[in-house]
Engineer: 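Take this structure first; my questions come after.
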Amino acid sequence: MKPQPIGILGGTFDPIHYGHLRLAEEMLELAGLQQIHFIPTGNPPHRDTPQVSAAHRSAMVKLAIADQPAFVLDEREVRRTTKSYTVDTLRELRTELGDAQPICLLMGGDAFLQLDTWHEWKQILDLAHVVVGFRPGFTLEKRIHSATEALRLQYQNRLCGVDYLSQHAFGGIAELAIPKLEISATLIRARVSDNRTIRYLLPATVANYIYQHHLYISC
Ligand code: ATP
């Protein structure tokens with residue numbers, strides 16, 4: 001029997017918030033994961049430089065997941081001095097965990113619809129499963145028409161159920177209906193900068209860290 005799948009949740013986490021934590025908690029349960037690695041990006045190739053240092057973003061993730069033993073902080077990307085690509089992270093994890101370990105790359109529906117812009121995206125699908133959270137009623141099936149033909153093809157060929165995730169080590173694309181909290185890191189940064197409350201959008205420990213270190217004051 002294969003070991004229970006391990007989930008990977010990458011993000012800038014600038015800062016981490018309840019949207020990320022609920023996504024992870026739901027996926028842990030629905031996909032039967034044994035653990036989720038939270039991997040803050042170092043120098044993300046896809047977007048503007050994060051507002052605060054990798055050390056701060058990592059410290060906030062550590063605080064946010066402290067009370068959930070199945071969540072672990074994985075700092076491999078923030079330690080890298082070169083650009084951090086998900087495919088490299090997955091290659092490292094595959095070497096460490098072995099060929100039999102199911103690995104699930106977790107992401108929201110919006111991120112999935114742009115997967116084909118990621119570095120070596122097809123290799124990603126041969127290293128891990130991709131597990132996509134969508135809002136109830138907004139299935140990928142309904143939205144996939146807006147993706148490129150290449151991504152649509154992979155989606156059609158690899159679509160699988162949750163059982164497949166534990167029976168195979170990589171290669172499936174699974175969808176999970178997960179209510180999306182209307183929270184984003186952008187919203188939190190803007191609110192801190194405008195001197196507005198961020199209570200209940202993220203763990204209090206993370207909010208306190210933001211204030212103690214005067215983060216996001218002039219975004
Ligand atoms: P920003 O507002 O700075 O773009 P973000 O809040 O979207 O940041 P990221 O760190 O870019 O956070 O997201 C990491 C992962 O978490 C992505 O796969 C994204 O789809 C998912 N995610 C972000 N916010 C939510 C949310 N509210 N609900 C569910 N998933 C989310």
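Indexing begins at 1, ligand by ligand and atom by atom, following the structure's order.
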Engineer: If only atom types and distance count, is the side chain of His17 paired as donor or acceptor with the main-chain N or O of Gly19 below 3.5 Å?
Structural biologist: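 Yes, because the side chain of His17 sits within donor-acceptor range (under 3.5 Å) of the backbone of Gly19.
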Engineer: If we ignore hydrogens and angles and just use 3.5 Å, is the side chain of Arg57 paired with the main-chain N or O of Thr41 as donor and acceptor?
Structural biologist: yes
Engineer: Out of Pro40, Ser184, Ala190, Ala185, who is nearest to atom 8 (O) of ligand 1 when you count heavy atoms only?
Structural biologist: Ala185
Engineer: Is ligand 1 under 4.0 Å from a heavy atom in the side chain of Arg22, in the backbone, in both, or in neither?
Structural biologist: neither
Engineer: Which is it for Leu23 and ligand 1 at heavy atoms under 4.0 Å: side chain, backbone, both or neither?
Structural biologist: side chain
Engineer: Do His129 and Tyr164 have their ring centres less than 6.0 Å from each other?
Structural biologist: yes
Engineer: Out of curiosity, is Asp110 lining ligand 1, as in a heavy atom under 4.0 Å away?
Structural biologist: no
Engineer: Tell me whether Arg143 contacts the main-chain N or O of Phe138 through its side chain, where contact means a donor paired with an acceptor under 3.5 Å.
Structural biologist: no
Engineer: Give a yes or no on whether a salt bridge exists between Arg80 and Glu92, defined as a side-chain N under 4.0 angstrom from a carboxylate O.
Structural biologist: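 Here Arg80 pairs with Glu92 in a salt bridge, since their nearest N and O are under 4.0 Å apart.
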Engineer: Which atoms of ligand 1 have any heavy atom of Gly108 under 4.0 Å away?
Structural biologist: 18 (O), 20 (O)
Engineer: Can you tell me how the ring of Phe13 sits relative to the ring of His20, calling it parallel under 30°, perpendicular over 60° and tilted otherwise?
Structural biologist: perpendicular
Engineer: If the cut-off is 4.0 Å to any non-hydrogen atom of Leu181, which atoms of ligand 1 fall inside it?
Structural biologist: 26 (C), 27 (N)
Engineer: May I ask you to check if ligand 1 and Phe13 share an N or O to N or O distance below 3.5 Å?
Structural biologist: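 Looking only at distances, the answer is yes, because the N/O contact criterion of under 3.5 Å is met.
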Engineer: Minimum distance, heavy atoms only, to atom 3 (O) of ligand 1: which one of Arg135, Met107, His20, Arg189 is it?
Structural biologist: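 Of the listed residues, Arg189 has the closest heavy atom.
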Engineer: Quick one, Leu113 and Ser146 - any side-chain contact, counting heavy atoms below 4.5 Å?
Structural biologist: yes
Engineer: Would you say ligand 1 has an N or O under 3.5 Å from any N or O of Gly10?
Structural biologist: no
Engineer: Just distances here: any N/O of Thr186 and N/O of ligand 1 closer than 3.5 Å?
Structural biologist: yes
Engineer: Under 4.0 Å, heavy-atom basis, I'd like to know which part of His17 is in contact with ligand 1: side chain, backbone, both or neither.
Structural biologist: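 Contact part for His17 vs ligand 1: side chain (C-beta onward).
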Engineer: Check each atom of ligand 1 against the heavy atoms of Gly11 and keep those under 4.0 Å away; list them by number with element.
Structural biologist: 10 (O), 14 (C)
Engineer: Can Lys62 and Glu75 be counted as an ion pair, charged N to O under 4.0 angstrom?
Structural biologist: no
